[in-house]
Amino acid sequence: MSGKLRKQVRQALADETLQAALSRFTMLTKFGRQMGMTGIDFEALRQDLHKRKARAIDNLPTLIKEFKENASAAGVVISEAENAGQVNDYIAGLARRRGIRHIIKSKSMLTEEIGLRHHLEHLGIRVDETDIGERIVQLAGEKPAHIVGPAIHKTTEQIAFLFTELLGEQISSESQPLLDTVRGSLRQSYLDADMGISGANIAIAETGTIVILTNEGNGQIVTTLSPLQVAVVGIEKIMPGFEDANAVLRLLSRSCVGTKMTVYTSFITGTGRAGAISGTQLSGGQGPRELHIVLVDNGRNRMRDSDDFREALYCIKCGVCLNVCPVFASLSGQTYGHVYQGGIGTILTAFYHDRKRSRDLSEMCLGCMSCKSVCPAGIDIPGLIRKMRAQHVREQGLPAGKRLAYGTILKHPSRLESAVRACAKLQEPFLDADSMINRLPYPLSFITDTISLPGLNTNLLRSRMIGYASPAPGKAPKVAFYSGCVTSFAYPGLGEDVMRLLEKYGVAPYYPQEQACCGAPAYFSGDSDTALALAMRNIQALSSGDPDYIITVCPGCAVMLKQEFPNLTSSQPVLHESALRLSGRVRDLSQLLAELGTKPVVKTSEEKKVTYHDPCHLKRGLGIFDEPRKLIEAAGYRLVEMNDSDACCGFGGDTLLAHPELCGSILQRKLGNIEATGTDTVVTACTACVLQLRGGLHKKNSPIKVVHIAELLAGQH
Amino acid sequence: MSDKIELLERFKTEAALSGAQVTLASSADQAVDFVLGLVKDKGITTAVKSASPIAERLDLAARLTKAGVKVMETSIAQWAAGLARGKDVPMDKLAELISAVSGEKVPPEPEAILRVARRIMKDMYAGAGLGITEADFGIAETGTLVTLENEGNARLAAALPRLHLTLLDGTHIASSLADAAELIKGSSGGIPGHKLPTFITYLTGRNTTADIPGAIFARAQGPAEEYILILKA
Ligand code: SF4
């Protein structure tokens with residue numbers, strides 16, 4: 001856990017100007033994405049891009065060679081650099097040899113990554129960023145806040161102040177005049193500069209072409225006007241042909257801005273040439289006379305070599321994963337510390353900058369999968385973060401507290417139960433009239449700063465389920481109930497509701513007594529050993545009785561059972577086989593009820609309005625969002641949709657411990673959206689979400705009730 | 001035929017959606033009238049243009065000149081030809097002519113002429129009220145204009161003046177990005193060693209920025225307006 005990062009997080013959360021800018025930004029980008037996704041088959045397009053990227057990265061050495069040959073043939077001076085120092089030295093040397101005093105630059109995250117501008121400025125060369133956002137952060141002496149929008153955190157007053165300083169005259173902070181000033185000042189830079197630097201969004205091997213995208217038009221100007229040009233290109237940008245470039249173009253702008261295409265897309269192949277004058281062919285044109293392309297490794301080959309993280313190279317830097325990240329929405333990009341932000345930034349930071357920082361950043365990820373669901377390159381970003389944590393655990397071991405919690409207690413159900421019973425005794429003095437813990441004593445008090453905790457129940461679910469040890473004979477389908485820890489220890493009554501509900505639906509439910517924790521807390525903290533041990537135990541426990549279905553009321557558990565158990569057991573064929581069989585039978589409760597298609601067993605007669613919160617793992621992990629809604633309505637309730645119903649509630653074990661304030665801020669956004677519906681009941685379909693939402697509302701003394709859909713359908717609320 | 005009409009319709013719709021102002025002219029007169037109307041409305045007194053068969057066909061430069069607009073060619077060869085009033089002049093004579101307009105003594109060498117021409121052009125682009133270019137084709141799927149060139153003057157004439165007008169032959173519409181790529185692959189551009197022309201520019205809509213709060217979708221650094229004039233068959 002990093003005290004430094006936590007302090008930075010707190011600062012960002014306390015910065016009201018920043019928070020206002022962030023909520024504007026989030027709203028705008030949400031609208032943009034909706035626009036961008038209309039009329040296309042996103043899944044098909046992203047699978048196509050994913051495949052093309054995968055192929056390109058697999059064949060990278062060949063593609064680099066091909067690109068170099070074709071670019072050189074077209075007159076490009078091409079070179080390769082292994083690290084930041086080599087790129088910076090190359091470009092500084094070139095500028096020195098040509099006597100360059102003033103450079104214009106279009107936006108490139110790679111040049112930020114290697115600190116090129118600072119390097120050149122340090123040598124006394126004037127470098128003007130020409131992307132408006134980038135120019136603003138340059139003048140502010142800051143790092144970009146977002147891959148695509150570097151200055152999303154700035155107000156017009158702050159921007160006007162920067163240009164007042166730069167130009168030595170009072171600049172208006174009204175949006176339009178301010179924009180005119182910025183444009184005018186950049187115009188002058190274009191006319192004065194004698195060298196241009198750009199990045200590239202794509203490089204095409206078969207023609208030696210670089211592709212540069214800008215909406216502002218600065219890229220178009222920078223890459224043409226100066227006779228001396230350098231393009232700094234990460235090797236992962238190289239793709240085989242034009243159709244690969246098209247696959248990127250089809251999704252890049254749609255994802256990040258919401259337009260079909262970026263305004264200017266420039267394909268540049270070598271240096272140009274004008275026609276003849278007085279019968280003599282001119283040797284160049286009005287574009288670069290000299291075009292240098294520097295292909296940069298700087299950690300990319302290492303990433304390519306690691307099976308675990310190779311996928312991060314598919315990133316096309318569209319930034320949409322940041323736009324949907326609840327953590328980013330609370331912090332903005334500066335908090336991440338280097339140049340790449342959010343989940344993907346956490347991985348890139350490890351390879352390009354600083355593994356220690358990356359490890360700290362990884363603790364902020366709540367695993368909500370928002371990023372994964374929108375990534376046009378189909379990157380499993382939360383999966384990469386989990387692997388990052390696992391790698392750290394392999395190298396450094398688990399911290400003592402977690403070793404005890406996972407390896408010693410969680411792994412062994414009987415010890416876990418004893419621990420719960422012991423805690424249940426200790427908790428007594430802290431319970432309030434609602435059997436909630438409103439305040440834990442120091443040093444645990446921080447946990448209850450934003451939520452009240454449910455009291456643990458000494459009458460554990462397993463004991464209550466003795467009568468359900470096996471399915472009723474002769475009845476079908478046989479449905480095994482996998483309860484998960486939250487139900488077992490905090491809400492055993494909910495577990496009983498589930499059984500009653502299933503019986504009313506006429507199926508044969510039973511409760512495999514040997515089931516244990518699904519292992520998610522350990523797995524997502526990087527403790528794969530404990531996760532595997534628990535997977536083995538559960539696979540065995542849940543195979544007993546040969547169920548037709550296994551149902552859960554916590555989609556986090558469902559994702560473990562369904563998706564991660566097969567992954568975890570992949571090296572053990574027999575076990576893997578069982579995991580796969582099991583996987584096919586796992587259902588979320590509402591999914592099963594919808595599949596069985598039976599009529600609601602309890603129907604409310606009162607005209608009652610409720611709202612619904614989509615649990616992250618149910619919507620994005622299992623793709624279920626329609627079923628619970630239909631069930632709620634079929635049971636006679638009127639559903640009032642809240643804003644951002646599928647935004648994370650902020651529940652996250654590790655994240656809560658490392659960054660309670662961050663989780664609190666995400667929770668408060670959710671509660672605000674719930675309250676805005678004016679309903680007095682929020683239904684959800686995940687016990688962890690129930691815990692979080694109930695805890696948050698109780699803390700606020702809110703009268704709004706949180707109901708699990710099992711309770712609602714069973715008429716128990 | 002009906003396919004072509006459909007493509008054109010789709011192109012028009014998409015280009016307009018992305019922020020360009022699209023006009024369809026069914027005759028040469030209509031086209032010229034549109035341009036003359038535009039320069040009058042917008043108070044344009046100077047225009048820069050790149051090579052355009054459509055403009056030739058319309059005799060656009062002459063018509064604009066007559067309307068009081070100073071029209072400057074931006075390809076160096078055409079610009080030089082203009083200075084020499086279309087006559088074939090030797091290099092030293094050309095250097096003299098260029099010296100006269102540039103205010104510096106230009107030696108009669110292609111390198112020097114190129115250097116000075118670039119400097120002069122730069123100011124021409126930035127000072128012009130209107131840039132006129134011709135797109136090789138449009139892409140219906142996205143409303144994109146595609147321009148292929150080796151010199152780089154067309155993309156500067158498209159980016160730096162206050163307003164930009166693209167001329168487009170209404171029969172030159174590709175349906176999708178994939179089709180556009182096929183068309184492009186067939187055109188090498190003619191420089192030895194190049195498998196493609198030096199610059200292929202896709203222009204979609206009008207330049208924008210969201211970097212200044214309160215000025216969403218505002219004009220960024222390119223022209224204030226993008227006009228597309230399509231000549232029907
Ligand atoms: S990880 Fe995916 S969503 Fe995020 S910037 Fe990269 S491509 Fe875009």
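Lettering of chains follows the sequences in order, A, B, ..., and the numbering in each one begins at 1.
Comparing A/Lys260, A/Arg187, A/Glu206, A/Lys154 by how many heavy-atom pairs each has under 4.5 Å with chain B, the most go to A/Arg187. Counting heavy-atom pairs closer than 4.5 Å to chain B, the top residue among A/Pro288, A/Gly275, A/Gly133, A/Gly217 is A/Gly133. Across A/Gly149, A/Gly208, A/Gly284, A/Ala151, the residue that shares the most heavy-atom pairs under 4.5 angstrom with chain B is A/Gly284. For chain A, the option among B/Arg155, B/Arg119, B/Lys195, B/Lys122 with the highest count of heavy-atom pairs below 4.5 Å is B/Arg155. Of the listed residues (B/Ile76, B/Leu148, B/Val146, B/Thr144), the one with the most heavy-atom contacts under 4.5 Å to chain A is B/Ile76. For the set B/Leu94, B/Leu160, B/Asn153, the entry with the most heavy-atom pairs within less than 4.5 Å of chain A is B/Leu160. Ranked by heavy-atom pairs shorter than 4.5 Å toward chain A, the options B/Gly143, B/Pro213, B/Ala215 are led by B/Pro213. Your options are B/His194, B/Glu111, B/Met91, and the one with the most heavy-atom pairs under 4.5 Å with chain A is B/His194. Annotation: maximal heavy-atom pairing with chain B below 4.5 Å, among A/Ala73, A/Gly184, A/Ala74, A/Ser253, occurs at A/Ala74. Residue with the most contacts toward chain B among A/Thr207, A/Ile132, A/Ile212: A/Ile132 (heavy-atom pairs, distance under 4.5 Å). The most heavy-atom pairs under 4.5 Å with chain A, out of B/Met121, B/Glu226, B/Gln78, come from B/Met121. Each of A/Ser278, A/Pro227, A/Ala71 has some count of heavy-atom pairs under 4.5 Å with chain B, and the biggest count is that of A/Ser278.
By the 4.5 Å heavy-atom criterion applied to side chains, B/Ile212 and A/Ile136 are counted as neighbours. Looking at heavy atoms from C-beta onward, A/Gln220 lies out of side-chain contact with B/Asn207 at the 4.5 angstrom threshold.
Taken to the nearest 0.5 Å, the OG1 atom of B/Thr198 stands 12.5 Å off from the CD atom of A/Gln286. Separating the OG1 atom in A/Thr209 from the CZ atom in B/Phe199 is a distance of 11.5 Å, to the nearest 0.5 Å. Atom CG of B/Asp211 sits about 11.0 Å away from atom CG of A/Leu178, to the nearest 0.5 Å. To the nearest 0.5 Å, atom OH of residue B/Tyr125 and atom CD1 of residue A/Ile221 are 12.0 Å apart. One finds the CD atom of B/Gln221 at 10.5 Å from the CZ atom of A/Arg135 (value rounded to the nearest 0.5 Å). The distance from atom NZ of B/Lys185 to atom CD of A/Glu243, rounded to the nearest 0.5 Å, is 7.0 Å.
Interface residue B/Glu14: only side-chain heavy atoms are found under 4.5 Å from chain A. When heavy atoms are compared at a cutoff of 4.5 Å, A/Thr259 does not approach chain B at all. Contact of A/Val182 with chain B is made through the side chain alone, with heavy-atom distances under 4.5 Å. For A/Ile277, the parts lying near chain B are the backbone and the side chain together; criterion is any non-hydrogen pair under 4.5 Å. Only the side chain of A/Arg183 has a heavy atom closer than 4.5 Å to any heavy atom of chain B. Heavy-atom distances place the backbone of B/Pro90, and not its side chain, under 4.5 Å from chain A. Contacts between A/Ile268 and chain B at a heavy-atom distance below 4.5 Å involve backbone atoms as well as side-chain atoms. When heavy atoms are compared at a cutoff of 4.5 Å, A/Phe25 does not approach chain B at all. Both the backbone and the side chain of A/Ala274 have a heavy atom closer than 4.5 Å to some heavy atom of chain B. B/Ala80 touches chain A through its side chain: at least one heavy atom from C-beta onward sits under 4.5 Å away, while N, CA, C and O do not. Looking at B/Ile139, neither its backbone nor its side chain comes within 4.5 Å of chain A, counting heavy atoms on both sides. Looking at B/Pro197, only its backbone comes within 4.5 Å of chain A, counting heavy atoms on both sides. Contacts between A/Leu191 and chain B at a heavy-atom distance below 4.5 Å involve backbone atoms as well as side-chain atoms. Residue B/Arg115 does not touch chain A at all, counting heavy-atom pairs closer than 4.5 Å. Heavy atoms closer than 4.5 Å to chain B are found nowhere in A/Leu291, neither backbone nor side chain. Interface remark: A/Gln281 contributes no atoms to any contact with chain B (heavy atom separation under 4.5 Å). With a 4.5 angstrom heavy-atom cutoff, A/Ser226 touches chain B only via backbone atoms.
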- Hey, mind stepping through A/Met261 and B/Leu177 against side-chain contact (heavy atoms from CB on, under 4.5 Å) and telling me if it holds? CA-CA 10 Å; A/Met261 287 278 282; B/Leu177 286 172; 4.0 Å; yes

inquiry  = Would B/Leu196 and A/Phe267 count as a side-chain contact (heavy atoms from CB on, under 4.5 Å) here? Give the steps.
reply    = CA-CA 9 Å; B/Leu196 290 175; A/Phe267 298 77; 5.7 Å; no

Is there a side-chain contact (heavy atoms from CB on, under 4.5 Å) between B/Thr209 and A/Asn215? Walk through the geometry before answering. CA-CA 7 Å; B/Thr209 176; A/Asn215 278 315; over 6 Å; no

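Of all heavy-atom pairs spanning A/Asn246 and B/Ala181, the tightest one is ND2-CB, 3.7 Å. Across A/Ala276 and B/Ala77, no two heavy atoms sit closer than the pair O-CB, 3.3 Å. Smallest separation of non-hydrogen atoms from B/Pro223 and A/Tyr264: CD-OH, 3.6 Å. The heavy-atom pair separating A/Thr280 from B/Pro110 by the smallest distance is CG2-CG, 4.0 Å.
Applying the 6.0 Å contact sphere to CD of A/Glu174 captures no more than 12 heavy atoms from other residues, nucleotides or ligands. Within a 6.0 Å sphere centred on CE of A/Met35, other residues, nucleotides and ligands contribute more than 12 heavy atoms.
One N or O on the side chain of B/Arg118 and one on the backbone of A/Gly285 form a donor-acceptor pair closer than 3.5 Å.
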